[in-house]
2 protein chains.
Amino acid sequence: MKTVTMADVANQANVSKSTVSQYLNKRYDYMGEKTKIRIAQAIEELGYQPNIVARSLKQKSTKTIGVIVANILHTFSTEVSRAIEDACNMEDFHTIICNADDDPAKEKKYIEMLRAKQVDGLIIFPTGNNRELYRKMLDEKYPLVFMDRPVAEIPVSSVMLNNEKASGLAVNHLINNGHRRLAMITASTTENVSPRVERMEGFKKALHSHKLPVSEDYMKSVEPDQVNGTLEDMWKLDEPPEAILAGNDLVLKEILQFVKQKDLNIPRDLSIIGIDDVPYASFYNPPLTTIAQPTFQMGTTAAQVLLNKINKKQPADNLPDDRFEPELKIRESVADKGGVQS
Amino acid sequence: MKTVTMADVANQANVSKSTVSQYLNKRYDYMGEKTKIRIAQAIEELGYQPNIVARSLKQKSTKTIGVIVANILHTFSTEVSRAIEDACNMEDFHTIICNADDDPAKEKKYIEMLRAKQVDGLIIFPTGNNRELYRKMLDEKYPLVFMDRPVAEIPVSSVMLNNEKASGLAVNHLINNGHRRLAMITASTTENVSPRVERMEGFKKALHSHKLPVSEDYMKSVEPDQVNGTLEDMWKLDEPPEAILAGNDLVLKEILQFVKQKDLNIPRDLSIIGIDDVPYASFYNPPLTTIAQPTFQMGTTAAQVLLNKINKKQPADNLPDDRFEPELKIRESVADKGGVQS
DNA sequence: CTGAAAGCGCTTACAG
DNA sequence: CTGAAAGCGCTTACAG
């Protein structure tokens with residue numbers, strides 16, 4: 001299994017390595033027709049495949065980018081990653097996806113590993129706790145874009161959802177259908193993960209603007225494994241909520257499990273809206289009303305912004321953060337209690 | 001952003017590049033204590049990060065493997081991929097995942113791309129239509145393992161499910177619960193994709209062994225977008241099936257959609273079992289009885305077999321194909337019609 | 001139109 | 001205990 005190299009091709013074709021290289025890179029400008037043919041034949045006969053590692057070393061570009069996802073278990077992450085991959089493929093870039101598992105230490109390890117592998121740029125769903133590292137990359141002008149979350153004081157372009165609006169859309173829909181006692185559960189906000197904070201804020205604001213009371217008992221930010229206990233507590237209240245907004249897909253799953261365990265009927269006993277249009281939403285019983293994120297657009301945009309930075313088409317992080325619009329997908333998990341349609 | 005190289009570190013520490021390299025590779029055998037410290041300091045001060053691309057070129061090993069999945073939309077693929085990643089991480093190997101999208105042309109492109117990138121080995125969920133390429137890799141003794149499917153006449157170790165047993169488990173469970181009219185739908189077998197064929201075979205055999213008639217009207221292998229039409233046809237029969245076995249997760253999804261559209265009740269009107277333990281199985285309404293594949297084990301095994309080949313611990317493809325055992329997860333989508341429990 | 005030469009950033013016998 | 005030198009497989013000015 002001796003590998004055939006460019007030198008072998010050059011020999012076989014009776015030209016120099018330089019010429020073979022030109023040929024491979026389609027710089028045919030002054031190349032003789034017969035030379036081309038000889039080279040093509042030699043490549044064919046020897047079954048030559050260029051060694052990209054060698055090329056990368058010389059060119060100082062690997063034509064690949066890294067993406068570090070905070071947590072691959074979210075459908076959001078997988079969908080966005082796929083969109084990034086597709087967009088990169090269009091431009092002949094490859095993609096290496098890593099899962100930080102919500103662990104800043106892992107995130108750091110992956111950033112270093114990917115940079116050691118000389119990826120040309122990074123799209124990071126930041127855990128938020130590697131500020132020095134982010135800062136260093138910014139200072140070095142290393143091509144970087146954040147996804148889903150910004151990082152305070154690190155002015156790097158970030159591709160994000162309009163999170164407040166996402167909650168607003170849900171609250172409006174619920175209120176328009178006659179609901180009054182609305183609850184919301186998000187994942188833990190202890191790390192100050194901004195989408196969770198913003199979604200909760202949006203929830204409060206929307207309640208306010210409808211002149212509804214905002215009760216702390218109805219608003220919880222907890223770890224997934226505590227969602228069940230949290231719901232138990234709510235159900236012990238004199239007035240349990242009539243509707244609940246799940247801050248993301250993992251929370252939704254826990255809520256659905258609780259509903260089953262309590263043998264509640266959706267939407268008769270409880271209306272549900274989930275942020276993230278989970279894959280089973282349309283064929284669940286009942287079909288689930290959700291707030292969809294435009295994952296495809298978001299991934300595509302992130303890839304384009306990064307590729308522009310890599311290609312120096314865009315000098316700095318001067319553009320405003322992109323905020324993408326959520327979309328309400330009305331299905332059947334919200335009861336019609338005779339509210340006003342807006 | 002001038003990158004700092006090993007030469008810079010050597011200068012700073014007043015040693016040669018060789019010594020720095022030794023240090024980095026922890027070959028401390030004869031290294032002076034003060035030398036070590038000087039090098040460590042220099043690395044620290046300069047913020048030096050080794051360039052893995054350069055190392056790979058020299059060492060002719062990238063410490064990364066590629067995995068080419070037939071279709072990333074299957075939960076099976078994503079779960080197995082994650083297991084492979086984890087197993088590789090343990091051994092300090094990286095993983096690049098590519099999605100062939102059931103398209104042999106894409107598969108070929110990825111094989112070539114990954115080999116050009118000098119990955120040390122490949123795990124392929126084969127589409128089956130690149131036999132010459134597979135053959136070539138076998139001949140070159142390039143480290144390779146197949147997942148999910150074998151390839152006829154290409155004796156490369158393949159990690160697979162015991163597919164016949166998977167169907168058998170489902171049929172037995174259904175019959176034990178008093179069902180008689182059993183149907184099965186799998187994805188298209190036109191490409192001779194063996195798991196689909198084997199699952200259908202297993203279904204037939206199990207029926208036989210229970211002395212039940214095998215009706216062609218109840219056994220269909222079609223593309224996902226034809227599942228709905230196929231079911232419509234079955235429901236026009238004088239006796240539609242009482243129970244249906246979904247050959248994989250994508251087929252299951254289509255069946256569930258059909259059930260909803262026809263407003264059928266599971267399991268009163270129709271019992272369902274799906275091969276692949278889909279993530280929503282436990283909290284669907286009703287919870288879905290499934291046949292689970294040991295995806296974690298399968299991925300881990302594939303990674304280990306490949307890593308062994310790469311490390312030459314294992315000379316050839318002499319080991320028998322691994323067949324992994326499916327597991328019946330009894331939940332609530334199968335009616336109890338008073339059969340005999342086995 | 002094509003080739004000789006230098007160099008990308010490492011590693012690795014080998015010499016001392 | 002450490003260094004000089006060659007080489008991994010390419011690309012790219014530059015010369016002719």
Side-chain angles (χ1 to χ4, degrees), chain A residues 1-40 42-43 46-64 112-120, chain B residues 1-40 42-43 46-64 112-120:
Chain A
M1 183 193 165
K2 58 169 304 300
T3 57
V4 7
T5 114
M6 209 161 85
D8 300 326
V9 177
N11 272 340
Q12 177 98 348
N14 255 303
V15 294
S16 74
K17 288 191 300 170
S18 325
T19 309
V20 177
S21 179
Q22 316 270 42
Y23 173 83
L24 254 16
N25 292 292
K26 306 207 194 309
R27 275 196 265 283
Y28 300 136
D29 309 352
Y30 302 102
M31 198 173 298
E33 199 53 40
K34 19 358 178 351
T35 315
K36 279 196 233 174
I37 295 175
R38 279 212 316 283
I39 296 177
I43 288 176
L46 299 171
Y48 169 71
Q49 293 279 139
N51 180 327
I52 294 191
V53 172
R55 172 188 299 171
S56 297
L57 178 59
K58 181 67 193 178
Q59 288 189 157
K60 295 170 149 302
S61 153
T62 52
K63 287 277 220 167
T64 108
E112 286 169 351
M113 179 278 264
L114 288 168
R115 293 209 54 186
K117 285 199 144 197
Q118 313 297 116
V119 298
D120 296 340
Chain B
M1 182 193 165
K2 60 169 301 300
T3 57
V4 7
T5 116
M6 210 161 85
D8 300 326
V9 175
N11 271 340
Q12 178 98 346
N14 255 301
V15 294
S16 75
K17 287 191 299 170
S18 324
T19 308
V20 177
S21 179
Q22 315 271 42
Y23 174 83
L24 254 16
N25 292 293
K26 306 208 196 310
R27 275 195 265 283
Y28 300 136
D29 308 351
Y30 302 103
M31 200 173 297
E33 199 54 40
K34 23 344 178 9
T35 317
K36 279 197 231 172
I37 296 177
R38 280 213 315 283
I39 295 177
I43 288 175
L46 299 171
Y48 169 71
Q49 293 279 139
N51 180 328
I52 294 189
V53 172
R55 171 187 303 172
S56 298
L57 177 58
K58 182 66 194 178
Q59 289 189 156
K60 295 171 153 299
S61 152
T62 51
K63 288 273 221 169
T64 107
E112 286 170 351
M113 180 279 264
L114 288 168
R115 293 209 55 185
K117 284 198 145 199
Q118 312 296 117
V119 298
D120 296 340

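The chains referred to below are lettered A, B, ... by the order of the sequence lines, with proteins before strands, and numbering in each begins at 1.
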Once side chain to side chain donor-acceptor pair (under 3.5 Å) is applied, do any residues pair with A/Q22, and if so which ones, sequence neighbours excluded? none
In whole angstrom, what separates B/K34's NZ from D/dC1's P? 8 Å
side-chain contact (heavy atoms from CB on, under 4.5 Å) with A/E112: which residues, sequence neighbours excluded? A/K108, B/Q49
Under 4.0 Å between any heavy atoms, over every strand shown, what does A/S56 touch: base, sugar-phosphate, or nothing? Just pick one. nothing
Can you give the dot-bracket line for DNA chain D, where a pair is Watson-Crick or G-U wobble with both atom distances under 3.5 Å, crossing pairs use [ ], and | marks a partner on another strand? |||.||||||||.|||
d(NZ, A/K60; P, C/dG7) in whole Å: 14 Å
Just jot down the side-chain contact (heavy atoms from CB on, under 4.5 Å) partners of B/K117, sequence neighbours excluded, or say none. A/I52, A/T64, A/H94, B/M113
With sequence neighbours left out, the residues meeting side-chain contact (heavy atoms from CB on, under 4.5 Å) with A/S18 are A/S16
Would you indicate whether the side-chain heavy atoms of B/V9 and B/L46 approach each other to under 4.5 Å? yes
Starting at CG of B/L57 and ending at C1' of C/dG7, how long is that distance when rounded to a whole Å? 12 Å
At 4.0 Å (heavy atoms only), tell me whether B/V15 reaches a base, stays on the sugar-phosphate, or touches nothing. sugar-phosphate
Between P of C/dG9 and CG of B/D8, the distance in whole Å: 9 Å
Which residues pass the side chain to side chain donor-acceptor pair (under 3.5 Å) test with B/S56, not counting sequence neighbours? none
Heavy atoms under 4.0 Å is the rule here; annotate nucleotides 10-16 of chain C 5' to 3' with B where the base is hit, S where only the sugar-phosphate is, and - elsewhere. BBB----
Sorted by chain and number, sequence neighbours left out, ring pair (Phe, Tyr, Trp, His ring centres under 6.0 Å) with A/Y23 holds for A/Y28
Listed by chain and number, what are the side-chain contact (heavy atoms from CB on, under 4.5 Å) partners of B/A13, not counting sequence neighbours? B/V15, B/R38, B/I39, B/A42
